Amino acid sequence: MEWQEVMERGEKAGVSSSSNGGDEVCAVKEMMDVIDTVGSYVGYRRTQRKECLNLVRRLKLLVPLLEEIKEIYHHKLGSTAGLKTSLVNLKKSLLGAKKLLKKCGCGSKIYLAMESEAVMSSFHAVYDNLNQALDDLQYDELGISDEVNEQVELTRMQLKRAKRRADTQDIELAMDMMVVFSKKDDRNADSAIIERLASKLELHTISDLKAEEVAVRKLVEERGAQNSESIQQIKDLLGKFRQIAGVDETIVLDGPVSSKSLQRCQSLIIPHEFLCPITMEIMVDPVIVSSGQTYERESIQKWLNSKHRTCPKTGQILDHLSLATNFALRNLILQWCEKNNYELPKKDACLRSDGFSAEFIEEISSLVRNLSSREFEVRREAVMNIRMLAKENPDNRILIANYGGIPPLVQLLSCQDSRIQEHTVTALLNLSIDETNKRLVAREGAIPAIIEILQNGTDEARENSAAALFSLSILDENKVLIGGLSGIRPLVYLLQNGTVRGKKDAATALFNLSLNQTNKSRAIKAGIIPALLCLLEENNLGMVDEALSILLLLASHPEGRNEIGRLSFIKTLVRIIRNGTPKNKECATSVLLELGLNNSSIILAALQYGVYEHLAELTKNGTNRAQRKANSLLHHMSKYEHIP
């Protein structure tokens, strides 16, 4: 879907400031619209695609929070200035995320590859702003439920981890860019390098190059520096891409933007109503959807096949999914083409209505069949290829599932070969990123086999099994299923004895599973608390925040409070409040508050360990949430006579 069209619906969200009684509800609705808008598009530039999809996924986790705030404000007569400010800050951070996603969705591919480090810094700034905005929200005053509070904590944990995580750089792409832009290296004329770059940047078709030229023109307009060195480098490289694609017209970056600039007749402007709102290309087979909007059949069919049930242009929910040919518009397009001597692009006979080539469909179908082959090597190669295809993009995940790939993969989980097990559980992990596939994987009975691999597989298989259980446990029914099938105990064992990555995957899965009250009891009986206390002492792992976040969940359970509230642990909490990072201090204060509200002896012990002065310091210099928790704890402590 074209970014300009997707963003059109949400462009006005958050721009105007309100002053009426329903301001907060309107602001929350605007924020939900922003998340809905960015969530409807997946066509990001390849160099930032993974980071963009991860950011969108994290933004979607905020929807329950916004829904609850909206519901709360429907019953409130007013709010404090602090609440209004915190909502404004959250809205600003979401708009900042939207702006960055838009840049990565329709910006120049060459420029984004050149400036990949700067763009990654922009992502880190967005993560910081979102974290700060979530810090600022006054959850206690709003009356946010414990369940939503816990989900926000999960989101913030992921945002913090995202800033620390650095994906492996595409060294080949970086080297090719360096060679091409080098003035001293004669290899910059090597056509093999140019072709490889064109492929990596997805700039090898006429339509790709057309969109890139438009993006470069806009970049020039925004920067106001047509003759800058970087723009000239982009122009030169784009010219080389055009040459290998067989398009020889000269690029003019300072002229008006024209969607047909790559056609021989550059003065010819196609009427806007003839362009598909999704691809912004002239329609060959226009069809009408139930909302009354017209699209190119191939484009809208692909949209619908991706589980969307709304009109891309209006956002309206479609009453039905039938497509009707727009004969009137098709005739007008044909008449215009004849009058202007314009040749319509020919449809690729190999492409189906869902946008996949017949060759690719056959490849997927063949791989799925080979999963059940009697030949070991055939099965192994098939599962390896499906693992990689499922990792690449959302469409592949849907296609593999639609062609029956999940049942034979589940069967292969029981294969005795450790490598096949490893590839299979990872393939199912990649497929389970799709919401529908989470249910399909669980329905096919994969969870017991995944738990078995978690117990007995190779290190990588165990790590990916834990990650798969986390992915599946996003659905509440799967939280119950995993807990009921004894999946928590092996996760606790991995938390105690796994590799660093295994410990982190296990912690993430256990946090999510512990959102379920029954699973909290199971985790406590499985020995999770001693394992978490050990993590608090292992500073080199950098998992203090994760351990404290899980302990905070468990502290809301009577069994958890009884086991956590030992004097040695209270001493550890006070030490963290004194010497930890700002986030460490915030988490430790939250745990101490949860414990102290239910047990006065814990408050007295903490006071004896000297926590009072550290809490007082936190109220001045801690994070916003730490300040709130510290103030609440000090207020509670004021009831006791043992305060210094």
Side-chain angles (χ1 to χ4, degrees), residues 1-18 23-67 69-70 85-109 111-112 115-116 118-137 152 155-156 158-159 162-163 211 214-215 218-219 221-222 277-278 280 303 308 310-315 394:
M1 187 181 208
E2 189 68 27
W3 257 100
Q4 283 82 352
E5 293 295 327
V6 177
M7 290 299 181
E8 189 176 281
R9 301 202 309 269
E11 203 64 48
K12 295 181 180 179
V15 173
S16 61
S17 61
S18 308
D23 294 355
E24 291 80 6
V25 174
C26 291
V28 172
K29 179 65 168 63
E30 289 167 356
M31 287 188 272
M32 294 174 70
D33 288 343
V34 167
I35 295 174
D36 181 62
T37 299
V38 299
S40 64
Y41 186 74
V42 293
Y44 300 102
R45 302 319 194 204
R46 183 174 180 176
T47 44
Q48 285 81 30
R49 186 172 297 153
K50 182 178 179 181
E51 202 69 31
C52 288
L53 293 174
N54 284 337
L55 175 55
V56 169
R57 176 173 55 79
R58 293 176 185 118
L59 293 180
K60 288 181 177 179
L61 292 176
L62 298 178
V63 171
L65 170 67
L66 295 174
E67 287 177 340
I69 293 174
K70 186 174 71 171
T85 300
S86 62
L87 286 177
V88 168
N89 290 338
L90 180 57
K91 188 164 73 172
K92 285 180 179 177
S93 67
L94 287 174
L95 290 172
K98 175 184 168 185
K99 183 178 180 181
L100 178 58
L101 289 168
K102 182 177 180 181
K103 177 180 179 180
C104 295
C106 61
S108 162
K109 294 178 179 179
Y111 177 78
L112 288 169
E115 302 293 334
S116 59
V119 176
M120 184 53 67
S121 296
S122 297
F123 274 101
H124 289 170
V126 165
Y127 297 149
D128 283 340
N129 292 337
L130 283 169
N131 244 328
Q132 187 62 52
L134 291 171
D135 263 348
D136 291 342
L137 276 180
V152 172
T155 305
R156 296 183 63 231
Q158 291 181 352
L159 287 169
K163 187 175 177 182
V214 172
K218 290 183 177 178
L219 180 65
E221 292 173 0
E222 291 168 3
I278 295 176
M280 293 307 291
W303 169 261
H308 294 293
T310 56
C311 172
K313 188 171 184 179
T314 66

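Keep in mind that what you see is a predicted model, and the values were worked out from it rather than measured.
- Rounding to the nearest 0.5 Å gives a distance of 11.5 Å between NZ of K98 and CD1 of I35.
- Distance check, rounded to the nearest 0.5 Å: CG of D128 to OG of S93 gives 11.5 Å.
- Residues L137 and L65 are in side-chain contact: their nearest non-hydrogen atoms beyond the backbone lie under 4.5 Å apart.
- Within the 4.5 Å cutoff, the side chain of L159 has no heavy atoms near those of the V126 side chain.
- Listed for the Q48 side chain is no donor-acceptor partner under 3.5 Å among the backbone atoms of V119.
- To the nearest 0.5 angstrom, N54 atom CG is 6.5 Å from Y127 atom OH.
- Here the closest non-hydrogen pair linking C104 and L112 is CA-CD1, 4.0 Å.
- Looking only at side-chain heavy atoms (C-beta outward), M31 and L87 come within less than 4.5 Å of each other.
- Contact between T155 and R58 at its shortest, heavy atoms only, is CG2-O, 3.8 Å.
- Taking all atoms of both residues into account, the shortest heavy-atom contact from L94 to V34 is O-CG1, 3.9 Å.
- M120 has its side chain within reach of E51: a pair of non-hydrogen atoms, C-beta onward, lies under 4.5 Å apart.
- Judged purely by atom type and a 3.5 angstrom limit, D36 has no side-chain atom pairing as donor or acceptor with the backbone of M32.
- Summarising the geometry, atom NZ belonging to K70 is positioned 10.5 Å from atom SG belonging to C26; distances are rounded to the nearest 0.5 Å.
- Considering CG of L90 and OG1 of T85, their distance stands at 12.5 Å, rounded to 0.5 Å.
- Nearest heavy atom pair, residue L59 against residue A97, reads CD1-CB, 4.1 Å.
- A distance-only check finds no donor-acceptor pair linking the side chain of R45 to the backbone of S108 [under 3.5 Å].
- A pairwise comparison of heavy atoms in L101 and Y44 identifies O-CE2, 3.7 Å as the closest pair.
- Residue L219 holds its CG atom at 8.5 Å from NZ of K103, rounded to the nearest 0.5 Å.
- Heavy atoms only, all atoms of each residue included: G107 and A215 are closest at C-CB, 3.8 Å.
- Between L62 and L134, the closest side-chain pair of non-hydrogen atoms falls below 4.5 Å.
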